[in-house]
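Below you'll find the structure, written out as structure tokens, and then a few comments.
Each residue takes its place number in the sequence, starting with 1. Because only heavy atoms are used, hydrogens play no part in the values below, and waters and symmetry mates are left out as well, while side chains stay in.
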Amino acid sequence: MRILGIESSCDETGVALYDTTKGLLSHALFSQISIHAPYGGVIPEIASRDHVRKLIPLVQTTLQQAELNIADIDGIAYTAGPGLVGALLVGASFARSLAWSRNIPCIGVHHLEAHLLAPMLEDEKPAFPFLALLVSGGHTMLLLAKAFGKYECLGETLDDAAGEAFDKTAKLLGMPYPGGPHLSKLAEKAPETIYHFPRPMTDRPGLDFSFSGLKTFALNTWQKSAQNEQAKIDIACAFQTAVVDTLCLKIKRALKQLTEQNINIQQLVISGGVSANKALREKLALVATAQNIALFFPRLEFCTDNGAMIAYLGSEYLRRGMSDENLDIIARSRWPLANK
Ligand code: KG4
Ligand code: ZN
């Protein structure tokens, strides 16, 4: 079965073809970052209009790369939410119309479930049950993935997501949007830092997160500093270390909690845009070794938004015979993952 996957939830148009026997056949992505950068963030209307322009050329590219034509597609999956409604509607309307015209099944999938299962696109795949840390621009969640489609939220952010905190802190240090990768690069220049940032919500029980205070801490530190390049590097490093330490501490806490409940977890999955962060990957590798569990990441290009994860997730639903029953075009700005 060959599935066309379409991602258009935010500022990336992603398209991919996934074959249930051969795996990923092709994928193509257009990032709108340079279009939104002058505004310092994503402008929803501009995002929607650009998805309209890029979707068909990207579908043609993926078909050409895989040496297939439209008649070779057996099903279509699109991101139905959560995300920007206008942007989602572009992908949803296109997917629905194409599926209807070809008389093939179509399914609207959950963007975060797609991130969560993105490591399944790799040769070394995790197996259920596993503990997952989903860290993206809009979400930070610790999940117990019990089985396909069965996810329990163990903890989540009460305010800013990890990626959002990276982007906001980078912005106040004068870096372009999205600042996460820039801040992370800058932090690498400092082997250690003179500053110590708090590890939010680690001094009390529980698995929730709160990252908004860190950007205020960064702002205050910047205002009291010499406000030069070295201060930026030191703040970037202190901020990143605090986020990474906090995430790792909560993962260890979650593993302990699950063991106490007699739930045996042998595998840890990290996904979403912030899972591309080098310092996080390195520290988590140490945690996994110390805890004697296997660690799984998506490859770097599939940490951030892409069509491959949508095509893969759609293929899992469609091969189980699950597809959207009517012709509704689904676009949900908010959509909890745990009770999808
Ligand atoms: O998963 P994603 O592409 O979009 C959402 O679904 O939100 O994640 C994008 C987020 C942005 O906040 C971006 O700054 C962050 O992931 N990000 C990073 C890195 N690469 C991307 N944050 C820290 N370090 C990175 N290397
Ligand atoms: Zn995403």
Pair N306, E12: side-chain N/O donor-acceptor within cut-off below 3.5 Å: no
- request: State, yes or no, whether a side-chain contact exists between F296 and L268 at a heavy-atom distance under 4.5 Å.
  value: no
Q) Can you check whether P178 reaches I33 side chain to side chain, under 4.5 Å on heavy atoms? A) yes
By side-chain contact (heavy atoms from CB on, under 4.5 Å), A132 pairs with (sequence neighbours left out) L116, F130, L143, V269
Interatomic distance, OH@Y177 vs NZ@K171, rounded to 0.5 Å, equals 9.5 Å
Note: A161 and F211 closest approach over all heavy atoms is C-CD1, 4.2 Å
Separation between CG (D208) and CG (L142), nearest 0.5 Å, reads 9.0 Å
So CD1 of I235 and CG of L183: to nearest 0.5 Å the spacing works out to 10.0 Å
The single option from T157, D159, T246 that satisfies side chain to side chain donor-acceptor pair (under 3.5 Å) with S210 is D159
Can you check whether F166 and F239 have ring centres sitting under 6.0 Å from each other? yes
Self-check item: Ion pair D328/R96, N-O distance below 4.0 Å
Solution: no
Distance col, row K185:NZ vs H182:NE2, nearest 0.5 angstrom, shows 9.0 Å
Applying ring-ring contact (aromatic ring centres under 6.0 Å, His included) to F94 and not counting sequence neighbours gives none
Describe, in one word, how the ring planes of F302 and H27 are oriented to each other, choosing from parallel (under 30°), tilted (30 to 60°) and perpendicular (over 60°).
-> perpendicular
**Study point:** Student check: side-chain heavy atoms of F297 and E122 closer than 4.5 Å
**Key:** no
- Task: Would you indicate whether the side-chain heavy atoms of T169 and L214 approach each other to under 4.5 Å?
- Result: no
When every non-hydrogen atom of D74 is compared with those of I104, the smallest separation belongs to O-CB, 3.6 Å
**Request:** Assess the side chains of E113 and Y317: does a donor N or O sit below 3.5 Å from an acceptor N or O?
**Result:** yes
Taken to the nearest 0.5 Å, the spacing of E67 CD from L17 CG works out to 12.5 Å
Ring-face cation contact, F30 with R53, 6.0 Å cut, 45° max = no
* Passes side chain to side chain contact (heavy atoms under 4.5 Å, CB included), H139 versus L337? Steps please. -> CA-CA 11 Å; H139 297 84; L337 176 61; over 6 Å; no
Check: T20 and E316 side chains under 4.5 Å, non-hydrogen atoms: no
Tightest non-hydrogen contact, residues I270 and S275, listed as CG2-CB, 3.6 Å
Rounding to 0.5 Å, atoms CG (L318) and CD1 (I76) come to a distance of 9.5 Å
Side chain to side chain, R332 and P82, heavy atoms closer than 4.5 Å = no
| Do we get K250 above F209's six-membered ring, with its NZ or CZ under 6.0 Å from the centre and within 45° of the axis? | yes
Going by chain and number, the hydrophobic cluster around W100 (ILVMFWY, side chain to side chain under 4.5 Å) further includes L327
Test of understanding: clusters of I, L, V, M, F, W, Y form through side-chain heavy atoms closer than 4.5 Å, transitively. Do M309 and I3 belong to the same one? yes
Side chain to side chain contact (heavy atoms under 4.5 Å, CB included) evaluation trace for D324 with C106: CA-CA 6 Å; D324 292 342; C106 188; 5.6 Å; no
Query raised in the report: With distance as the sole criterion, is a donor-acceptor pair present between the side chains of S271 and H115 under 3.5 Å?
Result: no
If you apply the rule salt bridge (Lys or Arg N to Asp or Glu O under 4.0 Å), what do you find for D50 with K54, and how did you get there? CA-CA 6 Å; D50 203 66; K54 296 295 172 358; 3.2 Å; yes
Is a side-chain donor-acceptor pair under 3.5 Å present for Q223 with T221? no
In terms of heavy-atom contacts, L84 and V42 come closest through CD1-CG1, 3.9 Å
